[in-house]
Structure formats: C-alpha cells, structure tokens
Number of protein chains: 2
Amino acid sequence: MSRLEPQAGAALVLVVDDEPAQRALLSYNLEAAGFRVLTAQDGEEALLVIAEEAPDVILLDWMLPRVSGIEVCRQIRARPEAQGSAVIMVSARSEEGDLVRGLETGADDYITKPYSVSELLARVRANLRRVRPSQSGAVLEVGDLRLDAQAHRVHRGARDVHLGPTEFRLLAALMERSGKVWSREALLDRVWGRDIYVDSRTVDVHIGRLRKTLCAGGEQDPIRTIRGAGYAIEDR
Amino acid sequence: MSRLEPQAGAALVLVVDDEPAQRALLSYNLEAAGFRVLTAQDGEEALLVIAEEAPDVILLDWMLPRVSGIEVCRQIRARPEAQGSAVIMVSARSEEGDLVRGLETGADDYITKPYSVSELLARVRANLRRVRPSQSGAVLEVGDLRLDAQAHRVHRGARDVHLGPTEFRLLAALMERSGKVWSREALLDRVWGRDIYVDSRTVDVHIGRLRKTLCAGGEQDPIRTIRGAGYAIEDR
DNA sequence: CCAAACTGTCACCGAACTGTCACCATCTGC
DNA sequence: GCAGATGGTGACAGTTCGGTGACAGTTTGG
C-alpha cells in the first residue's frame, strides 16, 4: 500500500484512545490509507473535537481512563452534531455482553483486539459507505433523481442534468440523507468546508439555482424549504 | 423476553439459509423480538423476495448451495430495490479474509457462528438503526399524530400538516410528554426560551392556531385545556 | 488570452409568521 | 344569577424570512 496524501475531500476519522502508542499506530495506518485523522485521548476531548469537526467515523477505545468507552459513546450519541458519524468501538475483550451493550448504546460497529490493519480498514470503509454514501462512489437515488458520485453525474428521470461543482456537492449532501432537514450552517460545513467563511444566505442562492436546474423540464420541485430551519430533499 | 406480536410498522427481516432448522431458529427468535420475518432458502429465492418486499435487514448465510453467499451479496447489492436494506453476513468461519471480502462486497455487517440470540438481535437492531433511522428514535407519536423531528414534519393520520416554527416547537413539547399538563410559563420557557419575555396569553393564541391547523380536516381536537393550569395533549 | 461558466454578495419584494389587543363565551365561587 | 376570572379567537400591524434578479469578481477550458 502506498502512502497517500490526505485530500481536502477525504473522510475524517477520529481516534479516541488514551495510549499515545495506540493513537500513533492507528493514525499512521489510517493516514496511509488516505484518511484525514484527528485524535483525542479521552471522552472529554473527543466531545470537543466532535463538536468542532463532525468526523465521519469515530474509533472509540473501550478502556478509557475515568469515563468508560460505553459512557462516552452514550454521550456522543446524545450530541446532535454526532448524528452523522459512525461509531466503531475498539475493545480488547471479546465478551459478548460488552458487544451487546456497546451496540445497544449506539455504537455502529465493534472491533476486537487484536485486529489486522486490513480488517480495521475494511470496517472503517464499510461504515463510511453507510454514513457518507457519496464519498464512496455510490449512486444515490431519491424519487426520480439519480446522482452518481463516481461519474459525477445527475439525472432527473431520463433527463441528464448539468450542475456546477457547488450545486453538485449540495445536492449530494441533501440526497445522502433524504428527508433530513439540513440547516444552512450544516450545509456550509458539509458543502463549503469548515473553515471557509461565506454568508449563510449564499446557501439560499445555490438552492435557488439548484431548483431552477432541476426543474428546467417543468418537473415538481424536490427541495422542501422549512422556514426557520433549513432545507430537505424528498421523495414523494 | 416475552413474545411480541409483530406490528404493522415493525421492521422486516429476510433470513436466507439453506437449512430449514436454521431458518426456523432464526425466524423464531426474530419474531419473538417483534420483527416481521421472511425466509428464502437460496440466493435466487432471496432476490425474488427482495424485489417484492424490500426488507429492512437481510441475514445472509455464507454457506449456500450452488452459489456462495458472497456472490449472492454481490447480486443483492446490484439491485436498486436492495439499496435501502442492510445486509448481515452469517458465517461459521471466522477467518479474517472472509470478513474483509464480505464487507468489501457490500455487506454491512458480519456475525460469526456460534452467536447468541442477544448478539444477533443487537446486530440486527444496530443495522436497522442505520438503515431506518426513523424507525428508532426521533419520531413522536400520540394518537393519530406523528411528529418527525429530523424531517421537521407532522402528520395527522394520513394528512400532511404544515406548521410554523413556533407551532412546531409547541407541539413537539406537548407530544414529548403526552398527558403531562404544561403551564403557560413552562411552555414559554420550553418553546420561546428562558430570557424572551412575551405575554403568557400568547401561548393561548398559538394553541388556538395549532388546534385550527390540526383539526382542519374535521378531526377531533387532541389538545386538552385544563382550566387554571395549562394545556396537555392526549391519546384517546 | 479570451469567452464562458461559476461564485458570492446585495438589495428588494412578497409571503409567512408573530405578538398583542379587544371582545366575547364560559366557568367558578358565592 | 352575578361578578370576577379564565380561555377562545378574529383582526391587525410589525417583523422576520426566503426567493430572486443583478452584478462583479474569479476560475476554467480552449
């Protein structure tokens, strides 16, 4: 496996582990596979990072000092910003009770030590595929809309629709969670990136442009405006 | 665990296994946990069922006659109707290569035999939570009222109800604790926020508007006024 | 190097939403 | 039945919010 440069659009993985050596090992392997990696050494730090960066996948060590992993997991799941993240618990124990408790608490998956690098990466990718379908070349479908992330192509029914880069990412975000209401801030984060500063009204303008293009054939508007809250895309 | 009747809204699980005894065992346990269950004895039958019923979760045995589970998994993933399903591979072998191949092929999860019933159910539920987020959480229901916080949407029976932001939050508060009597002050706190000061009669006006909208189809008023105390919403 | 495509911001407008009031119907205790 | 308290509601005016055309700056592709 060759070393890849993490790109701006690469998936973001948060590693939560109290042992520096573990963090370094995981980070190294994940970065080598092209992921962007953040680390935290305890639950408290993890929650801070999550609030700021909204990682796509969270690797959470079971044995944390002070607060147990399961408790951290529960806290993470209680945060609205973390709804879009997948949580993978990492544990030295393979006792079934732990597994069950972990999953019931809201973890999405579970890896038992010792694990191989390929298993780790497979798990991370499998979860990523679920949480961020558009980042893994999947084809998203909502109603008569089809978005092929790999081919960078959008169809409305039989019609081929051309979108600019921003509108494309915007539509991909909306379609990834159809029905979910995205606030303007969440969309800015997701589509424009965390550190870019643009006026939140800019989202409106792009939504307008997106609507115009999507409905150029006289179709019904698939984007719903929720006054005071944001936008959502919907099947009907 | 007591035996539950599978309800109309219950999640649908497809069990694919060639051994009748296995199918029966899995079906029994899943049904006992309240799931609706379908079965198929090979990949071909599975694909037929998937096309017709679009199950939420598919439990796929690795060792199938004629066509291997991994091949079936690939075929399932190729079907657009199966995009909304989670695939859990069930295997007797725990070799890592299989796991990796399974996940890379598009399986969402993996259970190794022997597994316990609680592990099975935990896995199914965890995957369900991902695939059908609305079936496990943010939806409030009281009588024929349904409020989906994620989608910011309200239904009265089959009718789609449109509410303004304030009415939406007001209804959400009432529904969150159905039966509880909310004083005007408590509602002001909860819906308008602690530091905003508005006349407490304003609550009355919004309750009135809410009632009008909720009963626009001639339905019964779901909001009860408790003279001298406040308001409550109720199932009846 | 130029034209076309794409972006972000602004200003303006209409629609939606809000809070308050006045007036009336009910209810409560006496 | 009466007076006072309580709750329902239509009207209204002020405010906020979202849609959109215009425009200028920037990037892209040939």
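The structure displayed is predicted, hence computed values, not measured ones.
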Hey, does the side chain of [X] come within less than 4.0 Å of [N]'s phosphate (OP1/OP2), counting only N and O?
X      : N      : answer
B:R211 : D:dG8  : yes
B:Y231 : D:dG8  : yes
B:W192 : C:dG19 : yes
A:H162 : C:dC6  : yes

Charged N to carboxylate O below 4.0 Å: is that the case for B:R77 and B:D108?
-> yes

Inspect the contact between A:E31 and A:R36 and indicate whether a charged nitrogen and a carboxylate oxygen are less than 4.0 angstrom apart.
-> no

Would you kindly give the [atom1]-to-[atom2] distance between [X] and [N], to the nearest whole Å?
X      : N      : atom1 : atom2 : value
A:I207 : C:dG8  : CD1   : C1'   : 15 Å
A:I226 : C:dA16 : CD1   : P     : 15 Å
B:R169 : C:dT18 : CZ    : C1'   : 11 Å
B:H152 : D:dC17 : NE2   : P     : 13 Å
B:L170 : C:dG19 : CG    : P     : 11 Å
A:D204 : D:dG21 : CG    : C1'   : 14 Å
B:K212 : D:dG7  : NZ    : P     : 20 Å
A:F168 : C:dT7  : CZ    : C1'   : 18 Å

Within a radius of less than 6.0 Å around CZ of A:R211, do more than 12 heavy atoms belonging to other residues, nucleotides or ligands occur?
-> yes

Determine the interplanar angle of the A:H152 and A:F168 rings, folded into 0 to 90°, and report it as parallel if under 30°, tilted if 30 to 60°, perpendicular if over 60°.
-> parallel

From [options], nucleotide with atom closest to [X] side chain:
X      : options                : result
A:V205 : C:dG19, C:dT9, C:dT26  : C:dT9
B:T225 : D:dG7, C:dC21, D:dG19  : D:dG7
B:T166 : C:dC17, D:dG19, C:dT18 : C:dT18
A:P165 : D:dG8, C:dT7, D:dT6    : C:dT7

Quick one: label B:R201 by what it contacts on the DNA or RNA (base, sugar-phosphate, nothing), any heavy atom closer than 4.0 Å.
-> base

Does a donor on one side chain and an acceptor on the other come within less than 3.5 Å for A:R123 and A:S118?
-> no

Determine whether any donor atom in the side chain of A:R209 lies under 3.5 Å from an acceptor atom in the base of C:dG8, or the reverse, and answer yes or no.
-> yes

